[in-house]
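Numbers here are sequence positions counted from 1. This structure is a prediction, so every number in the text was calculated from the model and none was measured.
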Amino acid sequence: MAFNAKPYCSTTAKPPTPAAHRSPSGPSPCISVRAAAVSPRARHSAYGLSAAGNASSSTVRLRALAQRTRAQPQPPRRRPEYVPNRIDDPNYVRIFDTTLRDGEQSPGATMTSAEKLVVARQLARLGVDVIEAGFPASSPDDLDAVRSIAIEVGNPPPGDDGGAHVPVICGLSRCNRRDIDAAWEAVRHARRPRIHTFIATSEIHMQHKLRKTPDQVVAVAREMVAYARSLGCADVEFSPEDAGRSNREFLYHILEEVIKAGATTLNIPDTVGYTLPYEFGKLISDIKENTPGIENAIISTHCQNDLGLATANTLAGAHAGARQLEVTINGIGERAGNASLEEVVMAIKCRGELLDGLYTGINSQHITLTSKMVQEHSGLHVQPHKAIVGANAFAHESGIHQDGMLKYKGTYEIISPDDIGLARANEFGIVLGKLSGRHAVRSKLVELGYEISDKEFEDFFKRYKEVAEKKKRVTDEDIEALLSDEIFQPKVIWSLADVQATCGTLGLSTATVKLIGPDGEERIACSVGTGPVDAAYKAVDQIIQIPTVLREYGMTSVTEGIDAIATTRVVVTGDVANNSKHALTGHSFNRSFSGSGAAMDIVVSSVRAYLSALNKMCSFAGAARASSTEVPGSASVQRAE
């Protein structure tokens with residue numbers, strides 16, 4: 001029987017291993033005891049516990065020891081200096097976040113350029129090494145968003161003395177010159193730009209999708225990696241798409257050729273989430289052992305979650321030698337999603353001793369805020385039982401569990417909520433309400449991690465006062481809902497001036513909506529419907545006159561109580577000009593647009609969400625038309641493959 005005396009997996013400090021668990025040569029993670037050969041009293045001693053009569057005092061000593069050690073945080077390990085094709089510390093693992101690229105491919109997860117920039121700033125605070133900011137060739141709007149991130153997030157802030165972390169900014173491209181040109185145009189403004197190019201290598205993809213022979217695929221990959229380097233990009237990542245189902249010998253060969261052509265990172269994707277952890281770990285170790293020149297490149301992983309194994313496969317890859325892990329916040333992404341950043345990072349922090357001492361540069365105390373920010377901007381909310389960041393991740397309802405938690409938290413929590421930034425106790429005891437002034441509200445925003453301009457704050461403060469007049473207490477959740485609704489919305493083309501609705505059992509529901517258009521003029525429309533929201537949406541359609549289809553509609557209460565703020569999320573599609581291309585297939589597709597709104601009135605909240613989605617749609621279509629002739633090679637991009 002094995003016993004591991006680790007009550008907590010804290011990222012601050014951990015209690016030292018009890019003496020009974022140490023071997024003469026040093027600490028050991030476990031101890032084996034033969035029950036038949038050990039008396040009950042001796043067994044208690046072997047576990048580092050006293051006999052039953054002294055169990056209470058032992059528990060007190062363990063709790064006091066844990067509290068003392070947790071009060072003294074250990075200094076974080078220093079992030080190695082960035083070199084594209086090597087990491088000086090063999091235990092350091094780079095975290096490559098693709099929330100803004102693969103994550104945004106989730107249906108309805110479209111973010112505006114402003115939202116992407118806000119999320120990118122937060123990812124930099126979180127400490128990710130690489131931000132894959134988008135797929136610039138997919139649309140002019142995406143190219144502009146990636147360029148903005150490269151300029152603002154990919155460079156040191158003004159006045160920086162060298163202490164600020166500046167992530168690599170990466171753009172995705174297929175293996176063709178037009179895609180690579182667009183990617184380079186977007187990322188070249190960053191201090192550390194990277195081009196990530198890919199081509200399929202599995203037999204099923206080469207035969208049915210690419211319709212190319214293996215030799216043709218190798219030639220294209222080699223040529224395009226060399227072309228990316230010729231543009232002046234010293235950091236080029238190559239991905240053999242569907243590597244998990246590719247022939248091993250062919251995989252070794254194509255990786256050898258792209259290394260010779262200048263690839264600095266080799267990303268091994270389990271594109272369809274097909275492999276099991278031991279298979280994927282073996283794939284990484286085989287590549288490490290059998291690819292000539294592999295010592296001149298970093299091995300990376302990218303695991304999809306189709307079988308629910310993305311995090312397990314990613315950890316298996318890291319244990320086998322991968323030193324870059326591609327992940328997304330909340331695990332969002334294509335189909336069933338990707339490996340979740342928070343799960344991978346906390347697993348490495350929690351079980352580092354079983355992963356040969358691996359560590360990352362992530363500041364885990366930013367995880368909760370980043371998770372909530374991505375949920376708000378993508379419109380994709382996590383399930384309550386989601387590991388690390390779900391609403392129930394640190395909730396205990398069972399009586400047995402509650403009893404254990406009250407006695408010692410380590411009985412049922414392997415991670416402290418503080419370690420992911422979940423605890424938000426206000427050290428000054430400030431409770432926001434209708435009498436709170438600008439200083440108190442601004443301080444709360446800073447406490448929550450939001451930095452906004454003076455004008456944005458004044459707009460937000462006006463909305464805050466409206467809510468505070470109706471609620472006795474304004475919570476953190478209320479603040480975040482209002483902030484998302486007021487500040488982090490798409491470019492305002494149509495704004496809500498007023499909405500009035502009536503409903504009941506004796507007649508049709510009616511709604512009157514007043515909108516302010518892009519020219520500043522007010523427009524009013526009235527309509528009837530099956531309910532007040534239906535009537536209001538029909539009135540909006542009469543004014544804006546854009547053919548749309550409402551795909552999803554959902555409403556939740558931000559907090560408990562009858563005076564809670566309601567948040568609404570919608571997803572719409574429409575017949576607007578759409579130049580989007582899928583990153584993997586290259587085919588054009590009709591993009592979905594999500595919108596969110598918040599208000600204490602459910603009809604107002606619903607209309608705000610609908611207008612948010614419509615504004616995204618209008619803004620995207622307008623940017624595509626305006627930029628189509630401005631992007632180098634953009635006319636060709638639309639005809640690519």
**Asked** Which atom names give the shortest non-hydrogen contact between S113 and A145, and what distance separates them?
**Response** OG-CB, 3.6 Å
**Request:** For I493 and L614, run side-chain contact (heavy atoms from CB on, under 4.5 Å): C-alpha distance rounded to whole Å, both residues' side-chain angles, the deciding distance at 0.1 Å, then the answer.
**Result:** CA-CA 9 Å; I493 299 174; L614 293 179; over 6 Å; no
**Request:** Ignoring hydrogens and angles, state whether a donor on the side chain of S527 or Y537 is under 3.5 Å from an acceptor on the partner side chain.
**Result:** no
**Asked** Is the NZ atom of K465 crowded by more than 12 outside heavy atoms at less than 6.0 Å?
**Response** yes
Only distances under 3.5 Å count here; give the side-chain donor-acceptor pairs of residues 382-393 to other protein atoms, sequence neighbours excluded, each with its distance to 0.1 Å.
residue	atom	partner	partner atom	Å
K386	NZ	S340	OG	3.2
K386	NZ	E342	OE2	2.8
K386	NZ	E343	OE2	2.8

**Message:** Closer than 3.5 angstrom, by distance alone: can the side chain of E469 be matched with the main-chain N or O of E466 as a donor-acceptor pair?
**Reply:** no
**Request:** Can you see which heavy atom on A120 is nearest to which on V153, and at what distance?
**Result:** O-CG1, 3.7 Å
**Asked** Can you check whether V499's main-chain N or O pairs, donor with acceptor, with K514's side chain at less than 3.5 Å?
**Response** no
**Non-hydrogen side-chain atoms of I524 and T512 separated by less than 4.5 Å** = yes
**Item:** Atom pair OG1/CG of T360 and N363 - distance to nearest 0.5 Å
**Value:** 9.5 Å
**Asked** Who passes salt bridge (Lys or Arg N to Asp or Glu O under 4.0 Å) against D97, sequence neighbours left out?
**Response** none
**Minimum heavy-atom distance between D142 and P136, given as atom pair plus value** = OD2-N, 4.0 Å
**Message:** Counting C-beta onward and ignoring hydrogens, is there a side-chain heavy-atom pair between L100 and E132 closer than 4.5 Å?
**Reply:** no
**Item:** pair V119-M111: side-chain heavy atoms closer than 4.5 Å
**Value:** yes
**Message:** If I take atom CG from residue L369 and atom CD1 from residue I420, how far apart are they, to the nearest 0.5 angstrom?
**Reply:** 11.5 Å
**Prompt:** Can you find a heavy atom in the side chain of V467 that is under 4.5 Å from one in the side chain of M600?
**Reply:** yes
**Prompt:** Which distance, rounded to the nearest 0.5 Å, do you find between the CG of L123 and the CD1 of I329?
**Reply:** 5.5 Å
**side-chain hydrogen bond (donor to acceptor under 3.5 Å, both in side chains) involving D541 - partner list, sequence neighbours excluded** = Y610
**Message:** Would R101 pass as a cation-pi partner of F135, given that its NZ or CZ must be under 6.0 Å from the six-membered ring centre and within 45 degrees of the axis?
**Reply:** no
**Prompt:** With sequence neighbours excluded, what pairs up with R442 under the side-chain hydrogen bond (donor to acceptor under 3.5 Å, both in side chains) test?
**Reply:** D454
**Item:** side-chain contact (heavy atoms from CB on, under 4.5 Å) assessment of L482 paired with F460
**Value:** CA-CA 7 Å; L482 291 175; F460 166 78; 3.8 Å; yes
**Prompt:** Can you tell if the side chain of T112 reaches within under 4.5 Å of the side chain of E115, non-hydrogen atoms only?
**Reply:** yes
**Request:** Applying side-chain contact (heavy atoms from CB on, under 4.5 Å), name anything that partners A598, two or more places apart in sequence or on another chain.
**Result:** A481, D485, I565, T567
**Prompt:** So which pairs with a foot in residues 496-505 pass side-chain hydrogen bond (donor to acceptor under 3.5 Å, both in side chains), sequence neighbours left out?
**Reply:** D498-Q500, T502-T510
**Prompt:** So, the side chain of T328 versus the backbone of I332: is there a donor-acceptor pair under 3.5 Å, distance only?
**Reply:** yes
**Prompt:** Atom CD1 of I414 and atom SG of C350: how far apart are they, to the nearest 0.5 Å?
**Reply:** 4.5 Å
**Asked** How far apart are the closest heavy atoms of V441 and Y464, and which atoms are they?
**Response** CG2-CE2, 3.7 Å
**Complete:** Those residues at least two apart in sequence (or on a different chain) that pass side-chain contact (heavy atoms from CB on, under 4.5 Å) with R438 are F457, E458, F461
**Message:** Tell me whether T99 contacts the main-chain N or O of G103 through its side chain, where contact means a donor paired with an acceptor under 3.5 Å.
**Reply:** no
What pairs of donor and acceptor atoms, side-chain ones from residues 164-172 against any protein atom, are under 3.5 angstrom apart with sequence neighbours left out?
residue	atom	partner	partner atom	Å
H165	NE2	V128	O	2.7

**Request:** Applying side-chain hydrogen bond (donor to acceptor under 3.5 Å, both in side chains), name anything that partners D129, two or more places apart in sequence or on another chain.
**Result:** R79, Y92
**Item:** side-chain contact (heavy atoms from CB on, under 4.5 Å) assessment of K470 paired with D563
**Value:** CA-CA 8 Å; K470 302 174 183 177; D563 61 350; over 6 Å; no
**Message:** To the closest 0.5 Å, what do you measure between CD (Q122) and CD1 (I131)?
**Reply:** 10.5 Å
**Request:** Measure the shortest side-chain to side-chain distance between K349 and M346 over non-hydrogen atoms and say whether it is less than 4.5 angstrom.
**Result:** yes
**Message:** I want to check something: taking the side chain as every heavy atom from C-beta on, are V572 and V549 in contact at a cut-off of under 4.5 Å?
**Reply:** no
**Item:** Backbone N/O of D601 and side chain of S605: donor-acceptor pair under 3.5 Å
**Value:** no
**Request:** Using modelled atom types only, decide if a donor and an acceptor are shared between the side chain of S371 and the backbone of I367 within a distance under 3.5 Å.
**Result:** no
**Request:** Look at D534 together with K538 and state whether they make a salt bridge at an N to O cut-off of under 4.0 Å.
**Result:** yes
**By side-chain hydrogen bond (donor to acceptor under 3.5 Å, both in side chains) - contacts of S495 (at least two apart)** = none
**Message:** Please report the interatomic distance CD1(I362) to CD(Q365), rounded to the nearest 0.5 Å.
**Reply:** 13.0 Å
**Item:** Where I602 and A566 come nearest, the two heavy atoms and their spacing
**Value:** CG2-CB, 4.2 Å
**Prompt:** Going by heavy atoms in the side chains, are W494 and I544 under 4.5 Å from each other?
**Reply:** yes
**Request:** Applying ring pair (Phe, Tyr, Trp, His ring centres under 6.0 Å), name anything that partners Y412, two or more places apart in sequence or on another chain.
**Result:** H401
**Prompt:** Any idea which heavy atoms bring A186 and A150 closest together, and the distance?
**Reply:** O-CB, 3.4 Å
**Request:** State, without any angle test, whether D419 and S364 hold a side-chain donor-acceptor pair at a distance under 3.5 Å.
**Result:** no
**Request:** Test S606 against M555 for side-chain contact (heavy atoms from CB on, under 4.5 Å), laying out the working first.
**Result:** CA-CA 8 Å; S606 298; M555 178 178 289; 3.4 Å; yes
**Message:** Has N155 got a side-chain atom pairing as donor or acceptor with H189's backbone, closer than 3.5 angstrom?
**Reply:** yes
**Item:** Qualifying residues under salt bridge (Lys or Arg N to Asp or Glu O under 4.0 Å), relative to R94, sequence neighbours excluded
**Value:** none
**Message:** Quiz question: by atom type and distance under 3.5 Å, do the side chains of S612 and S596 form a donor-acceptor pair?
**Reply:** no
**Prompt:** Taking the side chain from N615 and the backbone from L611, do they hold a donor-acceptor pair closer than 3.5 Å?
**Reply:** yes
